[in-house]
Enquirer: 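Dumping the structure here so I can ask a few things about it.
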Amino acid sequence: MIKAIRGFNDILPDEIKFWEYIIDTSKKVFKSFGYKEIIIPILEKTDLFLRTIGEATDIVEKEMYTFSDKKGNSITLRPEATAGIIRAYLEHNLYTKETITKLYLIGPMFRYERPQKGRYRQFYQIDAEVLGEERPLVDAEILVMVRQLLNNIGIDDVQIEINSLGCKKCRGLYIKKLISFLEGRKDELCSDCRRRLNINPLRILDCKVEGCRKVIQEAPIILDYLCNECSNHFSDLKTYLGQLELPFIVNPLMVRGLDYYTRTTFEVTTKKLGSQNAVVAGGRYDNLIKELGGPDIPAIGFAMGIERLVLLLKEKGFKPYITPLIFVASLGEDAKKEAINLVKNLREASFSVEMDYSLKSLKAQLKRADKLNAKYVLIIGEDELANEEIIIRDMEKANQEKIKKDYILNYLKEKNL
RNA sequence: GUGAGUGUAGCUCAGAUGGUUAGAGCACUGGGUUGUGGCCCCAGAGGCCGAGGGUUCAAGUCCCUUCACUCACCCCA
């Protein structure tokens with residue numbers, strides 16, 4: 001038997017109920033915040049990701065699905081959404097159409113990592129970006145939207161953490177301070193962190209090893225080194241969040257995996273997903289568009305992991321809404337002919353209708369209706385055919401009545417399914 | 001890439017120290033009810049015991065290899 005490849009999952013119909021619900025709910029929220037949907041390719045030139053995500057990041061170093069096409073060009077399955085969105089934004093000069101562009105994208109991302117709970121090689125993200133505004137009010141609005149997305153989906157029990165990584169200037173200064181501090185305590189760090197010291201010192205801040213944590217507690221923190229502009233930006237954000245009554249905690253140790261972030265970064269975490277605790281993550285990237293050869297346009301965005309939302313909903317015992325189903329049972333050839341037209345009429349009236357295709361016993365038909373979780377079963381037999389009647393059986397209440405077949409449509413409409 | 005755990009029916013799992021034809025519950029099909037689902041009863045179907053090799057008179061069980069899944073590390077949504 002050929003099986004799906006590792007980390008690539010089939011989303012079966014039972015599961016789709018959750019997905020539809022999450023996506024539909026999200027789209028409504030996006031609409032109310034003025035976002036528009038964008039769909040872009042899942043394959044891009046490899047260079048795009050090298051230039052945006054950062055050559056020294058784990059994503060680029062070991063997690064990308066990179067191939068050569070038949071012409072020998074290097075192409076990559078997108079490991080995240082932002083790079084492609086910006087590419088499209090620049091390619092189509094969207095910034096000339098409006099000063100602020102709000103976009104969202106829903107689709108699969110690909111990273112070659114070892115799968116585990118809440119982490120897969122093909123995974124789906126709901127991604128949103130605001131391009132063209134640097135004021136912290138936008139950062140606050142985004143966080144409010146994230147909160148509303150999660151609330152409307154029905155996920156509570158999460159924590160919103162924020163931090164500021166400063167701009168090029170102040171972060172550079174901070175990193176120097178951090179490195180010199182850590183160099184002095186080098187022998188207390190784990191081997192991973194000693195390696196990180198040269199590659200990505202910020203990463204050391206969220207190391208989980210006991211010894212490192214001790215050192216980190218005494219380490220200088222980025223928030224003390226922000227320049228005036230960045231510092232004001234961050235405190236304005238906090239003021240807005242206070243005014244909007246959005247609970248958050250400042251986590252100066254929070255670091256993000258992509259190089260392009262500046263100033264505001266944030267993460268929504270839960271304790272209910274095991275090790276993969278981030279449900280939403282994002283941040284500001286004010287330099288990225290310019291670095292890609294575009295105009296100097298600030299931006300901020302985030303991504304939510306759909307699989308993780310599904311896990312949380314399941315963990316809560318959430319039951320997605322199911323459209324009530326009407327099942328049409330019939331007995332005998334003549335009744336079946338009548339049933340076929342009845343089904344057609346009901347469907348034209350937008351009811352969800354299933355019928356029996358065989359000429360099985362009524363018992364077998366009811367059994368199938370039961371399995372399909374039908375709310376009503378319409379039964380047409382020889383007697384009903386002769387009297388122009390239909391039996392309508394309520395499967396939950398386990399009672400039934402006969403009504404004239406001409407009234408059936410109105411009767412069901414009144415039920416308001 | 002590293003580590004640990006687990007692979008027996010569609011699903012969840014039993015099968016001490018190797019010993020005849022490998023079991024249960026749920027699900028499935030049919031019947032008990034010739035036109036009435038769920039509950040109950042009866043019957044049936046369904047397994048190269050993840051794959052390959054080895055030890056042995058004998059392997060689901062022991063050994064080796066390999067593959068897959070799960071969780072964790074790394075990292076991340």
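Keep in mind it's a predicted model, so treat the numbers as computed, not measured. The figures that follow rest on heavy atoms only: side chains count, while hydrogens, waters and symmetry mates do not. Chain A is the first sequence line, chain B the second, and so forth, proteins listed ahead of strands; every chain is numbered from 1.
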Enquirer: When the C1' atoms of B/A59 and B/G52 are considered, how many whole Å apart are they?
Expert: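 Roughly 15 Å separates the two C1' atoms.
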Enquirer: Could you state the NZ-C1' distance from A/K367 to B/G35, rounded to the nearest angstrom?
Expert: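 It is 16 Å, rounded to the nearest whole Å.
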Enquirer: What is the separation between atom CG on A/N277 and atom P on B/C71, rounded to the nearest whole Å?
Expert: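 Going from CG in A/N277 over to P in B/C71 covers 15 Å.
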Enquirer: Rounded to whole angstroms, how far apart are NZ on A/K272 and C1' on B/C71?
Expert: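 Roughly 20 Å, once rounded to whole Å.
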Enquirer: With a 6.0 Å cut-off on the ring centroids, do A/F123 and A/F110 count as close?
Expert: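 Between A/F110 and A/F123, which both carry aromatic rings, the centre distance is not below 6.0 Å.
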Enquirer: Is the shortest side-chain N/O distance from A/Q116 to OP1 or OP2 of B/A72 below 4.0 Å?
Expert: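 True: A/Q116 side-chain N/O within range (under 4.0 Å) of B/A72 OP1/OP2.
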Enquirer: For B/C71 and A/R114 - does any side-chain N or O of the residue sit under 4.0 Å from the phosphate oxygens OP1/OP2?
Expert: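 For A/R114, the contact criterion (side-chain N or O under 4.0 Å from OP1 or OP2 of B/C71) is not met.
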Enquirer: In whole Å, I'd like the distance from the NZ atom of A/K363 to the C1' atom of B/G38.
Expert: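 Distance check: A/K363 NZ to B/G38 C1' gives 11 Å.
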Enquirer: Just call it for A/G118: base, sugar-phosphate, or nothing, with non-hydrogen atoms closer than 4.0 Å on any strand.
Expert: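 Here A/G118 touches the bases of the nucleic acid.
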Enquirer: Across the strands shown, which category fits A/R256 at heavy-atom distances under 4.0 angstrom: base, sugar-phosphate, nothing?
Expert: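 Answer is sugar-phosphate: A/R256 comes under 4.0 Å of backbone atoms only.
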Enquirer: According to a strict under-4.0 Å criterion, is A/R121 in side-chain N/O contact with OP1 or OP2 of B/A77?
Expert: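 No.
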Enquirer: What stems involve RNA chain B, if each pair must be Watson-Crick or G-U and both of its distances must be under 3.5 Å, with 3 or more such pairs in a row?
Expert: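 B:1-7 with B:67-73, B:10-13 with B:23-26, B:28-32 with B:40-44, B:50-54 with B:62-66 - these are the stems of 3 or more pairs that involve RNA chain B.
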Enquirer: Would you confirm whether A/H233, through its side chain, and A/E134, through its main-chain N or O, come within 3.5 Å as a donor-acceptor pair?
Expert: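 Yes; judged by distance alone, with no hydrogens or angles, the pair exists.
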Enquirer: Roughly, in whole Å, what's the span from CZ in A/R368 to P in B/U29?
Expert: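 Rounding to the nearest Å, CZ of A/R368 and P of B/U29 are 11 Å apart.
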Enquirer: Write down the distance between CE (A/M254) and P (B/A77), rounded to a whole number of angstrom.
Expert: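 Checked: the CE to P distance equals 11 Å.
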Enquirer: Can you tell me how far P of B/C75 sits from CG of A/L273, to the nearest Å?
Expert: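 That distance rounds to 19 Å.
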Enquirer: Are A/Y95 and A/Y89, when compared by the centres of their aromatic rings, separated by less than 6.0 Å?
Expert: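 Yes, the ring centres sit under 6.0 Å apart.
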Enquirer: At under 4.0 Å, does any side-chain N or O of A/R111 touch on OP1 or OP2 of B/C75?
Expert: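 False: A/R111 side-chain N/O out of range (4.0 Å or more) of B/C75 OP1/OP2.
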Enquirer: Before giving the answer on ring pair (Phe, Tyr, Trp, His ring centres under 6.0 Å), spell out for A/F266 and A/F248 the whole-Å C-alpha distance, their side-chain angles and the decisive distance to 0.1 Å.
Expert: CA-CA 10 Å; A/F266 57 93; A/F248 64 91; over 10 Å; no
Enquirer: Looking at the side chain of A/L331, which of B/G38, B/G35, B/C75 is the nearest nucleotide?
Expert: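 Among B/G38, B/G35, B/C75, the one nearest the side chain of A/L331 is B/G35.
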Enquirer: Please confirm whether the ring centroid of A/Y35 lies under 6.0 Å from the ring centroid of A/Y104.
Expert: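 No.
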Enquirer: State whether A/S275 places a side-chain N or O below 4.0 Å from either non-bridging phosphate oxygen (OP1 or OP2) of B/C73.
Expert: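 Looking at the OP1 and OP2 atoms of B/C73, one of them is under 4.0 Å from a side-chain N or O of A/S275.
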Enquirer: Which one of A/E37, A/E133, A/E129, A/E141 satisfies the salt bridge (Lys or Arg N to Asp or Glu O under 4.0 Å) criterion with A/K102?
Expert: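 For A/K102, the salt bridge (Lys or Arg N to Asp or Glu O under 4.0 Å) test succeeds with only one of A/E37, A/E133, A/E129, A/E141, which is A/E141.
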Enquirer: Tell me what A/I391 touches on the nucleic acid: a base, only sugar-phosphate, or nothing, going by heavy atoms under 4.0 Å.
Expert: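 Touches a base.
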Enquirer: Only pairs at least two apart or in different chains count here, so list each side chain to side chain donor-acceptor pair (under 3.5 Å) that has a residue in residues 317-331 of chain A.
Expert: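 Of all non-adjacent pairs touching residues 317-331 of chain A, those that pass side chain to side chain donor-acceptor pair (under 3.5 Å) are A/S330-A/K336.
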Enquirer: Mind checking A/E382 for me? I need base, sugar-phosphate or nothing, with any heavy atom below 4.0 Å counting as a touch.
Expert: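 The residue A/E382 makes base contact.
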Enquirer: Can you measure A/L105 atom CG to B/A77 atom P for me and round it to whole angstrom units?
Expert: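 Taking atom P of B/A77 as the reference, CG of A/L105 is at 15 Å.
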Enquirer: Taking RNA chain B as the partner, which of residues 371-379 of chain A come within under 4.0 angstrom of it by heavy atom?
Expert: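 Contacts with RNA chain B under 4.0 Å: A/K371, A/I379.
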Enquirer: Side-chain donor or acceptor of A/Q400 under 3.5 Å from a matching atom on the base of B/G35?
Expert: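 Donor-acceptor pair under 3.5 Å: no.
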Enquirer: At under 4.0 Å, does any side-chain N or O of A/R6 touch on OP1 or OP2 of B/A68?
Expert: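 It does, given that an N or O in the side chain of A/R6 lies less than 4.0 Å from OP1 or OP2 of B/A68.
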Enquirer: Select base, sugar-phosphate, or nothing to describe what A/A329 touches, counting heavy atoms under 4.0 Å on all strands.
Expert: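 Result for A/A329 = nothing.
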Enquirer: What contact category does A/M395 fall into here, base, sugar-phosphate, or nothing, at under 4.0 angstrom with non-hydrogen atoms?
Expert: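 It contacts base atoms.
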Enquirer: Across the strands shown, which category fits A/Y112 at heavy-atom distances under 4.0 angstrom: base, sugar-phosphate, nothing?
Expert: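 Counting heavy atoms under 4.0 Å across all strands, no contact is made by A/Y112.
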